Amino acid sequence: MARAVSERDEDAATTEPPRPPRRSELGRQLKYVLFFAAAVAVAMMLSRRSSGPTEGVAAKDFTLPNAQTGESFQLSAQRGTPVLVEVFASWCGVCRQSAPTLEEVSQAKRARAVRFVGVSVDDTAARAQAVKRAWGIPYDVLHDDGSFAKSYDITLLPTFILVDDTGHVRRVATGGPSKAELERWLDEVGATRL
């Protein structure tokens with residue numbers, strides 16, 4: 001027995017509820033979302049300015065106290081000698097891991113003298129002093145009262161700054177540098193390892 005189709009039945013047949021997306025469609029949409037999120041993350045990382053001053057500019061002069069002796073260190077008084085500045089803090093794990101590399105590089109015989117200095121951004125000079133002893137830092141450690149980090153735009157630790165003998169910022173890097181990288185920097189300023 002054939003049944004007659006009414007207008008109401010036709011409307012019901014054409015306005016079926018939407019079907020949920022198939023799993024393959026969901027997977028594809030998820031891939032697009034993940035790709036977009038990854039692209040945004042990479043763009044943010046690439047656009048982020050690194051820590052420290054711009055390479056090639058004249059280094060801003062600074063005077064900071066030696067954490068151990070209290071004597072003043074002034075950058076401009078070092079003119080004629082390259083200066084490698086390491087900015088660190090006691091709570092920085094990468095800084096601690098970099099200490100043996102810096103110790104070795106700083107104690108090597110070189111074709112010309114290089115001044116190594118650490119700048120601690122810790123709260124107190126006593127803490128900077130304790131880190132110098134604990135990590136076996138063989139060069140002077142200065143204590144920053146906040147003015148150096150602000151003036152040099154330090155936002156990440158550790159930050160390394162090589163100032164050449166003319167007082168210009170030659171190299172800047174963040175994170176733990178390799179011994180080979182530091183040696184390349186020092187070669188650039190004539191302080192080749194002997």
Side-chain angles (χ1 to χ4, degrees), residues 50-122 125-145 147-149 151-154 156-194:
S50 65
S51 181
T54 304
E55 292 178 355
V57 302
K60 294 179 183 176
D61 195 20
F62 65 88
T63 302
L64 291 174
N66 183 308
Q68 197 164 14
T69 66
E71 294 175 11
S72 291
F73 171 92
Q74 185 173 19
L75 180 64
S76 60
Q78 309 306 310
R79 191 67 46 94
T81 302
V83 178
L84 182 65
V85 180
E86 172 202 15
V87 187
F88 69 91
S90 61
W91 45 263
C92 170
V94 176
C95 303
R96 179 187 302 260
Q97 292 170 351
S98 298
T101 301
L102 288 161
E103 177 184 6
E104 181 183 342
V105 171
S106 71
Q107 293 186 330
K109 292 188 186 253
R110 305 207 165 270
R112 75 179 295 189
V114 175
R115 182 77 189 261
F116 286 77
V117 294
V119 175
S120 170
V121 295
D122 283 303
R127 185 164 301 196
Q129 230 177 42
V131 169
K132 178 178 171 47
R133 282 191 306 274
W135 295 358
I137 298 172
Y139 43 84
D140 290 336
V141 171
L142 314 177
H143 181 248
D144 181 23
D145 60 2
S147 61
F148 174 84
S151 173
Y152 271 66
D153 197 22
I154 304 299
L156 300 171
L157 296 177
T159 295
F160 297 88
I161 305 159
L162 177 63
V163 179
D164 66 21
D165 56 353
T166 66
H168 287 81
V169 175
R170 186 68 172 256
R171 295 280 174 222
V172 178
T174 56
S178 68
K179 182 169 65 170
E181 181 179 12
L182 290 174
E183 291 295 348
R184 279 192 303 274
W185 285 16
L186 297 174
D187 286 348
E188 290 177 11
V189 293
T192 304
R193 188 178 194 139
L194 298 176

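What you are looking at is a predicted structure, and each value in this text was computed from that prediction instead of being measured.
- Just one of Gln78, Arg79, Arg112 meets the side-chain hydrogen bond (donor to acceptor under 3.5 Å, both in side chains) condition when paired with Asp165; it is Arg112.
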For this session: Check the pair Arg115, Asp140 against side chain to side chain contact (heavy atoms under 4.5 Å, CB included), reporting the backbone distance first and the verdict last.
Result: CA-CA 9 Å; Arg115 182 77 189 261; Asp140 290 336; 2.7 Å; yes
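- Of all non-hydrogen atoms in Pro177 and Gly175, the two that sit nearest each other are CD-O, 3.2 Å.
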Exercise. Which is it for Ile137 and Leu102 under the side chain to side chain contact (heavy atoms under 4.5 Å, CB included) test, yes or no, and what are the steps along the way?
Worked result: CA-CA 8 Å; Ile137 298 172; Leu102 288 161; over 6 Å; no
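- Side-chain contact between Ile161 and Tyr152: present, with at least one pair of heavy atoms (C-beta onward) separated by less than 4.5 Å.
- The main-chain N or O of Ala67 is found under 3.5 Å from a side-chain atom of Gln129 such that the two form a donor-acceptor pair.
- Residues Leu64 and Val119 come closest through the heavy atom pair CD1-CG1, 3.9 Å.
- Here salt bridge (charged side-chain N to carboxylate O under 4.0 Å, His left out) pairs that include residues 51-69, with residues two or more places apart or in two chains, are Glu55-Arg171.
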For this session: Decide side chain to side chain contact (heavy atoms under 4.5 Å, CB included) for Phe160 and Glu181; before the verdict, give the C-alpha distance in whole Å, the side-chain angles of both, and the deciding distance to 0.1 Å.
Result: CA-CA 11 Å; Phe160 297 88; Glu181 181 179 12; over 6 Å; no
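- Checking side-chain atoms of Lys132 against main-chain N and O of Tyr139 turns up a donor-acceptor pair under 3.5 Å.
- Smallest separation of non-hydrogen atoms from Arg110 and Val114: CD-CG2, 4.2 Å.
- Between Ala113 and Pro82 the shortest heavy-atom distance is O-CD, 3.5 Å.
- Inter-residue side-chain proximity for Leu157 and Val94 is flagged as unmet; no heavy-atom pair is nearer than 4.5 Å.
- With sequence neighbours left out, the side-chain hydrogen bond (donor to acceptor under 3.5 Å, both in side chains) criterion links Asp122 to Ser90, Ser120.
- In this structure, the side chains of Ser178 and Thr101 stay at 4.5 Å or more apart for every pair of heavy atoms.
- Taking 4.5 Å as the limit, every side-chain heavy atom of Leu142 sits out of range of all side-chain heavy atoms of Val85.
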Problem set entry | side chain to side chain contact (heavy atoms under 4.5 Å, CB included) between Val105 and Lys179, worked out | CA-CA 7 Å; Val105 171; Lys179 182 169 65 170; 3.8 Å; yes
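- Close placement of the Phe88 and Trp135 rings is indicated, their centers lying within 6.0 Å of each other.
- Of all non-hydrogen atoms in Leu182 and Leu84, the two that sit nearest each other are CD2-CD2, 4.1 Å.
- Here the side chains of Leu156 and Ser50 are not in contact, with every heavy-atom distance at 4.5 Å or above.
- Other residues, nucleotides and ligands contribute more than 12 heavy atoms inside 6.0 Å of the CD atom of Gln74.
- Heavy atoms only, all atoms of each residue included: Leu186 and Phe116 are closest at CD1-CZ, 4.0 Å.
- The closest side-chain heavy-atom distance from Asn66 to Phe73 is not below 4.5 Å.
- Under a 3.5 Å cut-off, the side chain of Arg170 and the backbone N or O of Val189 do not form any donor-acceptor pair.
- Under the 3.5 Å distance criterion, the side-chain polar atoms of Ser151 are left unmatched by any main-chain donor or acceptor of Phe148.
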